[in-house]
Amino acid sequence: MTSEFIEYQDNEYGCGVIGKVVNVTADESVMAGDRVDMSLVNAIAFDPYTHGYYTTTRRL
């Protein structure tokens, strides 16, 4: 993945970085035609509030 820095924010609610994804590379095994099938990616996300890792395979 290639990203682009947009802005750093620091205020009374906390700090964060805003960015823009400009390019994504994916293995053919997670592709459905010309699109990434997120149910096949087996991605994880970190939640800094609960200090836990979560899978991201189900669309809501």
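Numbers for residues simply follow the sequence, beginning at 1.
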Where at least one partner belongs to residues 12-31, residue pairs that pass side chain to side chain donor-acceptor pair (under 3.5 Å), sequence neighbours excluded: D27-S29

Would you mind listing the cluster partners of I44? Hydrophobic ones only (ILVMFWY), side-chain contacts under 4.5 Å, chaining allowed. F46, Y53

Answer whether the closest heavy-atom distance between the side chains of T2 and V21 falls below 4.5 Å. no

side-chain contact (heavy atoms from CB on, under 4.5 Å) evaluation trace for V30 with D37: CA-CA 6 Å; V30 298; D37 182 341; 5.8 Å; no

Using links of under 4.5 Å between side-chain heavy atoms of ILVMFWY residues, direct or through other members, which residues join F5 in one cluster? Y8, V17

Closest approach of C15 and D10, non-hydrogen atoms and distance? CB-OD1, 3.8 Å

